[in-house]
Every structure is written in structure tokens, then in C-alpha cells.
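The block underneath contains the structure these notes are about, expressed in C-alpha cells.
The structure presented is a predicted model; accordingly, all values stated were derived computationally and were not measured. In what follows, chains are A, B, ... by sequence order, proteins preceding strands, each numbered from 1.
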Amino acid sequence: MYALIDCNSFYASCEKLFRPDLKHKPVVVLSNNDGCVVARSKEAKALGIKMAVPYYQVKDFCAQNEVAVFSSNYALYADMSQRVMSTLESLCPTVEVYSIDEAFLYLADYPVAMQDLDAYANKVKHIVERYTGISVGVGIGQTKTLAKLANYATKQYPATKGICVLTNPRWIRRLMQITDVGEVWGVGKRYKHRLNKMGVDTVYQLAICEPGKIRQHFGVVLERTCLELNGQPCLDIESIEPKKQIISSRSFSTRITSQKDLTEAVCAHASQAAHKLRQQHSLCSVITVFAKNSAFNKSEKYTPISGQYQFATPTADTRELVKAARVVLEKIFKHNIRYAKAGVMLSGICQHDEVQLDLFSTEVNPEVDDKKQALMAVMDELNSKYQADRYQQSVLFIASEGIRETQQWQMSRALLSPCYTTRISDVIVVR
DNA sequence: TCTGGGGTCCTAGGACCC
DNA sequence: TCTGGGGTCCTAGGACCC
């Protein structure tokens with residue numbers, strides 16, 4: 001038995017937490033650069049504001065309907081997420097944090113839960129809400145896919161009061177019959193389209209398909225989904241593994257054409273990615289640099305550029321990664337492009353205790369390595385000790401990143417809320 | 001004018017091995 | 001004139017997730 005706990009309109013709920021004046025008001029949260037709508041409170045959904053719609057298309061509508069609009073405040077959401085997750089960990093021994101606002105609980109060998117699933121679901125929901133102020137839906141099923149389906153039902157049907165325990169076969173069947181196949185976890189736009197063409201429109205129709213046939217047409221992944229819908233577990237609770245790929249990228253607030261500006265952006269991303277790499281005690285052997293103009297603008301040709309650099313020996317040294325990024329960008333840069341986005345990707349990742357040394361390298365010298373590591377450790381320590389400036393620039397950085405304060409193209413977050421829980425000067429004062 | 005960012009897994013095909 | 005069978009590793013592309 002699995003439970004899926006999913007926070008309701010998570011980002012929007014976080015913004016409401018410290019703004020009681022917004023309690024029953026529509027709230028939306030925008031993506032980076034205030035580009036798209038990425039979260040809507042239930043009042044905003046009721047107004048018909050769609051997910052992922054570009055903000056400029058609904059800006060006037062929001063103003064007319066007194067919708068409170070916020071830029072993404074990632075520091076706030078990450079902190080609230082941690083509170084929700086640690087509350088869940090106090091309620092179940094086996095928790096898989098699946099995303100910033102979702103977690104699976106494994107219940108089968110937890111007698112407290114198994115004894116009375118409804119009572120347990122109720123308890124989880126109310127304790128999380130009491131401890132964090134975030135409302136959640138609790139779905140329980142025989143497999144992860146069924147738990148997901150149950151959770152979907154809690155959002156879709158108010159009568160569930162946020163709790164759905166799928167144990168009665170007749171109910172499971174009924175729910176599947178009235179649910180679109182596109183709502184199943186693992187069925188995206190493409191698969192939905194292809195399934196529809198085969199006459200499969202509801203979840204139930206997918207569930208009664210022959211798994212072998214599904215495998216033939218769609219591969220082993222959807223076959224597993226099909227089996228899971230029938231109560232046969234194919235997916236386990238997963239533990240947290242180091243990332244196999246690390247990306248740092250961002251759109252610019254204005255278009256960039258100069259190589260100097262693009263170099264600064266790319267260097268900053270290389271530096272950011274290097275930091276993430278060290279946090280998981282890894283090294284990488286490949287860095288990919290990429291940049292592109294807007295894919296939406298029909299008056300200019302979509303022109304993505306990218307290139308790679310392979311290291312002889314894996315590294316997590318910011319200086320080496322930034323240097324490599326510069327070398328790559330130098331090679332791939334094209335003039336007369338209005339760049340809208342750039343970034344880097346690190347791959348060929350290994351843990352630092354399992355490094356494959358370069359047979360021909362002349363500089364395999366443990367002392368040099370130790371020095372590099374020590375330097376990076378000091379850099380990370382200083383940067384965590386002293387808060388970044390209001391442009392998010394750390395106290396210690398590589399000169400080629402440039403000074404953020406002077407960079408016109410830095411992401412815009414015009415509607416940012418305070419960091420209520422993570423910045424001392426933003427903490428609410430009660431007088 | 002204005003459209004996010006960060007991940008995973010699977011498959012097919014090519015290069016290569018014995 | 002005739003040229004096998006079985007395997008691994010890597011990469012790019014396609015699908016999915018939040």
C-alpha cells in the first residue's frame with residue numbers, strides 16, 4: 001500500500017500563509033522572469049486562469065479581477081516544503097520525497113497505518129495542515145500509480161474532503177471509468193493522443209488492455225503503468241541518489257547580443273552548477289554550454305547553439321569549469337542572434353571517491369587535488385556564511401561572472417514577496 | 001514586446017569486442 | 001564463391017514527470 005500526499009496549489013498556498021488578507025482571494029504565482037502562470041489558488045482556477053499561460057496574456061484580466069500576483073519566491077517554497085516533508089517523516093518510517101510538493105509513503109509494513117487506512121489518511125492530512133498551514137490531498141492505493149489516481153480524485157471531487165482510499169474494487173472501477181486516460185501518471189499528451197486513436201479514452205479502458213500489447217506499441221514504461229493500474233506493483237519507493245546531470249540555466253529579462261554579456265551569463269551558470277555538484281560530493285567529466293534565441297518569435301529563425309568540453313580527469317573546481325565554459329562559448333558563439341536564454345549542463349558525473357584517473361595525465365598529484373578541494377571548500381563555506389546580495393550574487397565569485405547589479409538582462413521578479421521564513425529582516429513582527 | 005527550469009528513463013542504432 | 005553469433009558501451013532522441 002502506498003499513499004501519495006500532494007500539497008494543494010503549493011506555491012499559491014505558501015504565498016497565502018503570511019497574508020491572511022488573501023485567504024479567500026484568487027492568487028497566482030509566476031515562473032522565473034514573471035513569464036508564465038505556474039500556480040493558481042482554487043479561486044484563481046475558478047476564474048478560469050489556465051496553467052502555464054503566458055502572464056502578459058492574462059495580466060489585464062488579473063488586474064480587473066483583483067487577483068494577487070506573485071513572482072516565484074523559491075526560498076520560501078523550499079523552506080515550506082522541508083517543513084511539510086519533515087512532518088510526513090514523523091508520521092511514517094518510509095517516505096520518498098517525489099517533488100517539491102509531493103511525497104509517497106510506503107504503508108505495507110507500517111501496522112499503525114494498515115490497521116485503519118481511513119483513520120491514518122485523516123490523521124496525516126490534519127497534522128500536516130496543523131503543523132505547516134499547507135492543505136494537502138491524501139490518496140491511498142495498492143500501487144504508486146493507484147495512489148496517484150486516488151490523489152487526483154481528492155482534487156477533483158470536493159466530496160472526498162481531500163482523502164481518497166482506494167480499496168473497494170467497485171469504487172476503483174467506477175473512478176477509472178469516469179476519468180480521462182490523460183490523467184494517469186505516465187500518460188502525457190503524446191500517449192493520450194495515440195491511445196485515443198486506438199479507442200482508449202478512459203483509465204478503465206487502459207487498465208483492461210493486454211499489457212503485452214501496450215508494451216508492443218508504447219514500450220515497457222506504459223506496460224508497467226498498465227500493470228500498476230491493476231494493482232500489481234512495478235514501482236518501488238526510491239531513495240535519494242546523487243543527480244546524474246546538473247543544469248543551471250535561465251532566460252534573460254531582455255535579449256542579449258554581445259559576446260561579453262553572454263560570457264558573463266554562462267560563467268555564472270558554470271559557477272552555480274559547480275556549486276551544486278560539490279554539494280552532492282560529485283565530480284563531472286563533461287560540461288555542455290548552450291544558448292538560444294526565442295523559439296516563439298516567428299520573425300527570427302530559431303537558432304540554438306551548443307558545445308561540449310570533455311575533461312581528462314573529472315573535476316568540481318569552479319575555476320576549471322568556468323574556464324572550460326569560456327572555451328566552449330568562444331567556439332560556438334554566433335553574432336547577430338538575439339539570445340533569450342543560456343545555461344550549462346554537467347554530465348559524466350561520479351562520486352569523488354570513485355574517480356577514474358587519466359592514464360596520461362602529468363598532473364595527477366594528490367597534493368594539487370587536495371589544495372583545489374580545500375580552496376573550493378573555503379569558497380563554499382564563505383558563501384554559505386555570508387548572505388548573497390539582493391541580486392543573488394555570492395560574496396565570493398569568479399570575476400568573469402561580472403557584477404550582477406550592473407547586468408540589465410538579469411531575471412526580473414517585479415512581484416516578489418518577502419522571504420518570511422529564511423531571512424531575518426523579512427520575518428513578520430507582531431506588535 | 002512579453003512564453004520557466006530541472007530532471008528521469010527507455011530505445012534504437014552505430015562502433016566495437018571476441 | 002562463400003563471411004556467424006553474441007555481446008557491451010555510448011549517444012541522440014523521444015517520451016514522461018513536477
Side-chain angles (χ1 to χ4, degrees), chain A residues 4-7 9-11 28-39 50-60 62 69-74 77-78 81 96-104 144-145 148 151-152 181-195 214-225 234-235 238 240-255 269 272-273 276-277 280 285-286 288 290 292-300 302 304 306 308 310 338 340-349 409 411-414:
Chain A
L4 178 69
I5 321 302
D6 184 318
C7 300
S9 317
F10 183 56
Y11 293 178
V28 304
V29 178
L30 306 177
S31 62
N32 281 334
N33 256 319
D34 297 341
C36 297
V37 171
V38 291
K50 297 275 180 267
M51 183 65 172
V53 66
Y55 178 49
Y56 72 90
Q57 290 176 6
V58 292
K59 193 171 175 179
D60 293 343
C62 286
V69 182
F70 292 94
S71 304
S72 293
N73 185 344
Y74 199 75
Y77 313 147
S81 173
E96 174 191 339
V97 176
Y98 178 66
S99 75
I100 192 162
D101 72 336
E102 271 177 68
F104 284 103
K144 281 181 154 185
T145 305
K148 269 275 194 187
N151 192 280
Y152 163 81
V181 70
E183 302 296 342
V184 173
W185 187 42
V187 177
K189 236 175 150 167
R190 303 272 155 77
Y191 283 0
K192 172 179 156 65
H193 189 74
R194 280 168 59 192
L195 285 164
I214 293 295
R215 184 184 193 137
Q216 257 178 25
H217 285 88
F218 298 90
V220 64
V221 180
L222 200 66
E223 182 193 25
R224 289 203 272 256
T225 300
C234 303
L235 306 167
E238 286 177 28
I240 300 167
E241 300 290 330
K243 302 264 182 275
K244 296 168 184 168
Q245 164 183 304
I246 290 173
I247 296 172
S248 174
S249 77
R250 196 131 286 164
S251 302
F252 307 122
S253 61
T254 57
R255 301 294 183 246
H269 286 302
Q272 164 71 19
K276 287 192 202 171
L277 189 64
Q280 62 168 28
S285 56
V286 177
T288 307
F290 57 88
K292 52 193 172 188
N293 57 357
S294 170
F296 300 101
N297 193 329
K298 294 200 175 72
S299 67
E300 46 189 271
Y302 178 54
S306 78
Q308 287 192 338
Q310 174 112 33
R338 297 170 63 237
K341 179 176 180 175
V344 309
M345 178 171 93
L346 307 183
S347 50
I349 289 176
W409 42 266
M411 126 169 114
S412 47
R413 302 157 94 193

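Residue A/Lys298 contributes atom NZ, which lies 14 Å from atom C1' of B/dC2 at whole-angstrom precision. Across the protein-nucleic acid pair, A/Met51 atom CE and B/dG5 atom C1' stand 12 Å apart, rounded to whole Å. When the P atom of B/dG4 is taken as reference, atom CZ of A/Phe252 falls 13 Å away, rounded to whole Å. We find that NZ of A/Lys292 is positioned 11 Å from C1' of B/dG4, with the value rounded to whole Å. In this structure, A/Met345 places its CE atom 10 Å from P of B/dT8, rounding to the nearest Å. If you take CD of A/Glu238 and P of C/dC18, they are 14 Å apart, rounded to a whole angstrom. Between the CZ atom of A/Arg224 and the P atom of B/dT8 there is a distance of 16 Å, rounded to whole Å. In this entry the distance linking OH of A/Tyr74 with P of C/dC18 reads 15 Å, nearest Å.
Residue contacts for A/Asn33: at a heavy-atom cut-off of 4.0 Å it reaches no nucleic acid atom on any strand shown. Using a 4.0 Å heavy-atom distance criterion, A/Leu222 is classed as making no nucleic acid contact. If you check every strand for non-hydrogen atoms under 4.0 Å, A/Asp101 touches sugar and phosphate atoms only. Counting any heavy atom pair closer than 4.0 Å across all strands shown, A/Phe218 reaches no nucleic acid atom.
A close approach under 4.0 Å does occur between a side-chain nitrogen or oxygen of A/Ser249 and OP1 or OP2 of B/dG6. Side-chain N/O atoms of A/Lys244 include none lying less than 4.0 angstrom from OP1 or OP2 on B/dG6. Checking the phosphate oxygens (OP1, OP2) of B/dG5, a side-chain nitrogen or oxygen of A/Ser251 falls inside 4.0 Å. Taking 4.0 angstrom as the limit, A/Lys148 places none of its side-chain polar atoms (N or O) nearer than this to OP1 or OP2 of C/dC17. Here A/Arg255 reaches the OP1 or OP2 of B/dC2: one of its side-chain N or O atoms lies under 4.0 Å away.
Put simply, the side chain of A/Val29 does not reach to within 4.5 Å of the side chain of A/Phe10, judged on heavy atoms.
For B/dC17 and C/dG4, the C1' atoms lie 14 Å apart once the distance is rounded to whole Å.
With no hydrogens or angles considered, a side-chain donor-acceptor pair links A/Gln308 and A/Thr288 at under 3.5 Å. In this structure, a donor-acceptor pair under 3.5 Å is absent between the side chains of A/Asn32 and A/Ser72.
Atom CZ of A/Arg413 is separated from atom CG of A/Asp34 by 9.0 Å, given to the nearest 0.5 angstrom. Here CG of A/Asn293 is found 8.5 Å from CZ of A/Arg338. Values are rounded to the nearest 0.5 Å. Considering OG of A/Ser285 and CD of A/Gln310, their distance stands at 5.5 Å, rounded to 0.5 Å. To the nearest 0.5 Å, atoms CG (A/Leu4) and CH2 (A/Trp185) are separated by 8.0 Å. Rounded to the nearest 0.5 angstrom, A/Ile100 CD1 and A/Tyr74 OH are separated by 4.0 Å. Here the CD atom belonging to A/Glu102 is positioned 4.5 Å from the CG atom belonging to A/Asp6, to the nearest 0.5 angstrom.
The existence of a salt bridge linking A/Glu96 and A/Lys144 is confirmed by a sub-4.0 Å separation between a basic side-chain nitrogen and an acidic carboxylate oxygen.
Stem list for DNA chain C (at least 3 consecutive Watson-Crick or G-U pairs, distances under 3.5 Å): B:5-18 with C:5-18.
Checking A/Lys276 against A/Ser294, the closest nucleotide of DNA chain B that is more toward the 5' end is the one next to A/Ser294. For the pair A/Lys243 and A/Cys36, both in contact range of DNA chain B, the more 5′-proximal nearest nucleotide belongs to A/Cys36.
Contact detail for A/Tyr302 and A/Ser294: the closest heavy-atom pair is CD1-O, 4.0 Å.
Distances from the side chain of A/Tyr56 to the nucleotides B/dG7, B/dC2, C/dC18 place B/dC2 closest.
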Dump the pairs, protein N or O against N or O of nucleotides 9-16 of chain C, anything under 3.5 Å, distances to one decimal.
{"residue": "C/dA15", "atom": "OP2", "partner": "A/Arg190", "partner atom": "NH1", "Å": "3.1"}
{"residue": "C/dC16", "atom": "OP1", "partner": "A/Gly188", "partner atom": "N", "Å": "3.1"}
{"residue": "C/dC16", "atom": "OP1", "partner": "A/Gly188", "partner atom": "O", "Å": "3.3"}
{"residue": "C/dC16", "atom": "OP1", "partner": "A/Arg190", "partner atom": "N", "Å": "3.4"}
{"residue": "C/dC16", "atom": "OP1", "partner": "A/Tyr191", "partner atom": "N", "Å": "2.8"}

